[in-house]
Amino acid sequence: MIATVATRYVVNLGHSVRIPLGEGRQFKVGDTSIAVFRTRDGGVYATQATCPHKSGPLADSLLGGHRIVCPLHAYAFDVKSGAAHGHSCGSIRTFPASINPRGEVVVSLDGEI
């Protein structure tokens with residue numbers, strides 16, 4: 001029996017100053033688009049790029065604390081867990097993200113990019 005192990009890629013998105021505190025930016029990594037957010041407390045989080053409701057651009061969301069609000073229809077999600085808040089649209093996918101010692105944003109993605 002052969003076990004399949006998921007491949008994980010760590011991607012450097014450049015210096016964190018590219019994403020102002022309290023905002024998000026969209027990045028394209030291979031065929032994958034992701035939204036990356038920097039909270040006002042300095043945390044960095046990555047999610048899928050579009051809202052599952054009507055494909056709104058999540059990087060353009062309002063960010064309050066650890067909650068993002070889709071700019072199209074105000075559907076809210078937790079940037080840490082991806083959990084939906086106050087609607088039945090479903091959760092969003094999240095990716096491990098951090099700021100390395102050089103101040104660069106690094107995101108870990110599964111599968112092929």
Side-chain angles (χ1 to χ4, degrees):
M1 181 170 171
I2 298 174
T4 302
V5 177
T7 304
R8 185 163 288 257
Y9 298 92
V10 177
V11 180
N12 185 321
L13 299 176
H15 204 278
S16 61
V17 296
R18 295 177 66 190
I19 309 168
L21 291 175
E23 294 187 21
R25 295 290 184 267
Q26 184 167 323
F27 293 88
K28 182 97 170 165
V29 181
D31 292 334
T32 303
S33 291
I34 58 173
V36 181
F37 301 91
R38 279 185 67 208
T39 56
R40 295 208 180 272
D41 63 7
V44 63
Y45 301 92
T47 71
Q48 67 188 56
T50 57
C51 179
H53 175 233
K54 296 272 185 174
S55 298
L58 291 178
D60 295 339
S61 294
L62 295 173
L63 175 63
H66 293 104
R67 189 176 290 187
I68 56 174
V69 179
C70 177
L72 292 187
H73 299 101
Y75 279 37
F77 304 91
D78 184 292
V79 293
K80 288 182 175 182
S81 68
H85 287 282
H87 58 85
S88 61
C89 180
S91 298
I92 57 172
R93 187 167 181 207
T94 61
F95 306 95
S98 62
I99 297 177
N100 70 19
R102 293 182 302 277
E104 300 161 326
V105 175
V106 290
V107 177
S108 205
L109 300 172
D110 294 339
E112 296 188 28
I113 57 172

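Note that these values count all heavy atoms, side chains included, but never hydrogens, waters or copies made by symmetry.
For the side chain to side chain contact (heavy atoms under 4.5 Å, CB included) criterion with Phe37, the lone passing option out of Thr47, Ile19, Leu21 is Thr47.
Rounding to the nearest 0.5 Å places NZ of Lys80 at 4.0 Å from NE2 of His66. Between the CD1 atom in Ile68 and the OG1 atom in Thr39 there is a gap of 12.0 Å [rounded to 0.5 Å]. The line from CG of Asn100 to OG of Ser98 is 7.0 Å long, rounded to the nearest 0.5 Å. How far CG of Leu13 is from CD1 of Ile99: 11.0 Å, rounded to the nearest 0.5 Å. Rounded to the nearest 0.5 angstrom, Ser61 OG and Glu23 CD are separated by 12.0 Å.
Crowding of Arg25 atom CZ: a count of heavy atoms from other residues, nucleotides or ligands under 6.0 Å exceeding 12.
Residues that satisfy the side chain to side chain contact (heavy atoms under 4.5 Å, CB included) test with His87, not counting sequence neighbours, are Tyr75, Phe77, Ala84, Cys89. With sequence neighbours excluded, the residues satisfying side-chain hydrogen bond (donor to acceptor under 3.5 Å, both in side chains) with Ser108 are Arg8.
Within the 4.5 Å cutoff, the side chain of Pro71 has no heavy atoms near those of the Leu62 side chain. Residues Arg38 and Ser16 have side chains in contact (heavy-atom distance under 4.5 Å, counting atoms from C-beta outward). Put simply, the side chain of Leu109 reaches to within 4.5 Å of the side chain of Ile34, judged on heavy atoms. Between Ser81 and Thr94 there is no side-chain heavy-atom pair separated by less than 4.5 Å.
Here the closest heavy-atom approach between residue Ala83 and residue Ser91 is recorded as CA-OG, 3.7 Å. Across every non-hydrogen atom of Gly56 and Cys70, the tightest pair is CA-SG, 3.9 Å. Of all heavy-atom pairs spanning Cys51 and Leu58, the tightest one is N-CG, 3.6 Å. Smallest separation of non-hydrogen atoms from His85 and Arg67: ND1-NH2, 3.0 Å.
The cluster map of Ile, Leu, Val, Met, Phe, Trp and Tyr, joined by side-chain heavy atoms under 4.5 Å apart, puts Val69 and Leu72 in different clusters. Taking hydrophobic clusters as Ile, Leu, Val, Met, Phe, Trp and Tyr residues chained together by side-chain heavy-atom distances below 4.5 Å, Phe27 does not share a cluster with Val106.
Remark: side-chain polar atoms of Gln48 are not paired, donor with acceptor, to backbone N or O of Ile92 under 3.5 angstrom.
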